[in-house]
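This structure is a prediction, so every number in the text was calculated from the model and none was measured.
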Protein chains: 2
Amino acid sequence: MMQIKPLARKLGAFVALTDAELSVLDGLHKRRRTFVAGRDLVHQGQSDQAASILISGWACSYKLLEDGQRQIVDFQIPGDFLSLRSVVLHISDHSIEPVPDIEVTEVNISDLMKAFSDTPRLATAVLWAASRDEAMVVEHLINIGRREAEVRVAHFLLELGARLALVGLGSKAGYACPLTQYLMADALGLSSVHVNRVLRKFREGFVTFYNYDRLVKFADFEMTYLDQIGPLLA
Amino acid sequence: MMQIKPLARKLGAFVALTDAELSVLDGLHKRRRTFVAGRDLVHQGQSDQAASILISGWACSYKLLEDGQRQIVDFQIPGDFLSLRSVVLHISDHSIEPVPDIEVTEVNISDLMKAFSDTPRLATAVLWAASRDEAMVVEHLINIGRREAEVRVAHFLLELGARLALVGLGSKAGYACPLTQYLMADALGLSSVHVNRVLRKFREGFVTFYNYDRLVKFADFEMTYLDQIGPLLA
DNA sequence: CGCCTAGTTGAGGTAAGTCAATTCACGTGG
DNA sequence: CCACGTGAATTGACTTACCTCAACTAGGCG
């Protein structure tokens, strides 16, 4: 199956998985489902969560405020888990919306647990992936809390690029991005109008990923939190 | 030991732990150490992390930016783990600073792993605690991204209050707060001057926790992400 | 007694928001 | 094939929430 590669590829960037482990990983992918863009697949407050793995397309997890504003917490790209934390908490603290149409495969929690005890290296790899996701949320928080709009947008674009590169969907030359400016605004804590202005300024100026290094510097982009320092496992 | 209660108390709010489990938990607490306020106990980028449990005092985990600004990601209060994620990632993506003087006990990773396999309920409880911490970071992100200063400060104060209440260090009537306005500013993505003004306005107005319910409403404070919906374990 | 840190307060500046109009790309039905 | 509708991007004019700079006060402590 070519399509279930992204997770294996992402984890593989961190530990070299054996064929046996890869096949256990493959075995986790159960029912495949598709969802159309814009219609939530998980609602804030919903209990009884199942986890799934994103195969194709992007999704975003967000939370709505009383006054109708929303804040996007994170985007998920192929290879990412959806709702992993919700499984532990037994309730989803956020909603998830497919950005373009998406394909996912559901994961049986009991299968997952069994896979973890049978294949500890896999358990470690998934734990690592979850910790990396958490580190990304932290970086997102810093981005919103302390960086001004231009740097913030640049940092955001670079981080997405780095993540996509890890699953073979982009490079330093760029990547296909299905996000609207409204989505970016909700992720970055800005208004869509302002996102538009920033992007225009980038276009007029030096930025579009030609000049990757300059952009990295400008955005104060430190990817150690995405990188792994050598294999974690022996 | 009266002082190692907070963790047990926090976990106990989520699963009723047996005496046996409690004693395993107690056994995790190894060498006790103290650190003085203001001197980092962990530095951003430091590898080779050990986990510890905060016994008394508060700490904050933060990240510094190139230009010298800082963003505080979270405060830790008694009963919280320090550096749990750093253990998995094998590197700390943030620094940790004691706010007043603190006491911690170090935790041996191998002990922790053994405790998890011997006492699965304990493992689940700790996993739950970690997930709750993650949910708090998410809520913090939303707070910074989409709420204006006054609501943001109110929400922050309420969340701290709820967390402290869970370990017996506060109530709806209030709590002892060792934070300076500078610390609050760095946590909330505001300037200390502005924090000061907001607090003044609160003092002049209706707020100081007398009127808890009104404050909750004002702050759009939804504590389901802190609560647990009944015991997760049978 | 004098320093140092935290808290306060005012004046003035600016990054980013809101409101609103316009354009553009597109799909869809007549 | 064209009129129309819809969602996204764009742009301008104006407002504002929050920032910076700077001065001053009040405790705590060697």
Note: [X]-[Y] ion pair, threshold 4.0 Å (strictly below):
X         : Y         : result
Asp67(A)  : Arg146(B) : no
Arg147(B) : Glu66(A)  : no
Arg85(B)  : Asp133(A) : no
Glu106(B) : Arg32(B)  : no
Arg39(B)  : Glu97(B)  : no

Helical bend (five base pairs per end, nearest 10°) for the helix from dC1(C)-dG30(D) to dG30(C)-dC1(D):
30°
On a plain distance test, is the side chain of Arg197(A) in donor-acceptor contact with the base of dT18(C) below 3.5 Å?
yes
State whether a side-chain donor-acceptor pair under 3.5 Å links Glu103(A) with Ser56(A).
yes
Indicate whether the side chain of Asp40(B) and that of Tyr62(B) have a donor and an acceptor atom separated by less than 3.5 Å.
yes
Is the Trp128(B) ring parallel, tilted or perpendicular to the Phe14(B) ring (thresholds 30°, 60°)?
parallel
How would you label the contact of [X] with the nucleic acid (heavy atoms, under 4.0 Å): base, sugar-phosphate, or nothing?
X         : answer
Leu190(A) : sugar-phosphate
Thr180(B) : sugar-phosphate
Gly38(B)  : nothing

Between Asn196(B) and dT8(C), is there a contact of a side-chain N or O with OP1 or OP2 at under 4.0 Å?
yes
Minimum heavy-atom distance Leu25(A)-Ala8(A), with the two atoms named:
CD2-CA, 3.8 Å
Distance-minimising heavy-atom pair for Ala187(A) and Ile144(A):
O-CD1, 3.4 Å
Within residues 144-152 of chain B: residues closer than 4.0 Å to DNA chain C (heavy atoms)
none
With rounding to the nearest 0.5 angstrom, report the CG to OH distance, Leu164(A) to Tyr175(A).
6.5 Å
Check the distance between dT9(C)'s P and Lys201(B)'s NZ and give it to me in whole angstrom.
15 Å
Atom-to-atom span, CG of Leu199(B) to C1' of dG7(C) - whole angstrom
10 Å
For Tyr182(B) and for Val193(B), locate the closest nucleotide of DNA chain C by heavy-atom distance; then report the residue assigned to the nucleotide nearer the 5' terminus.
Tyr182(B)
Nt span of DNA chain D in reach of chain A heavy atoms at under 4.0 Å, 5' end first, is dA8(D) to dA13(D)
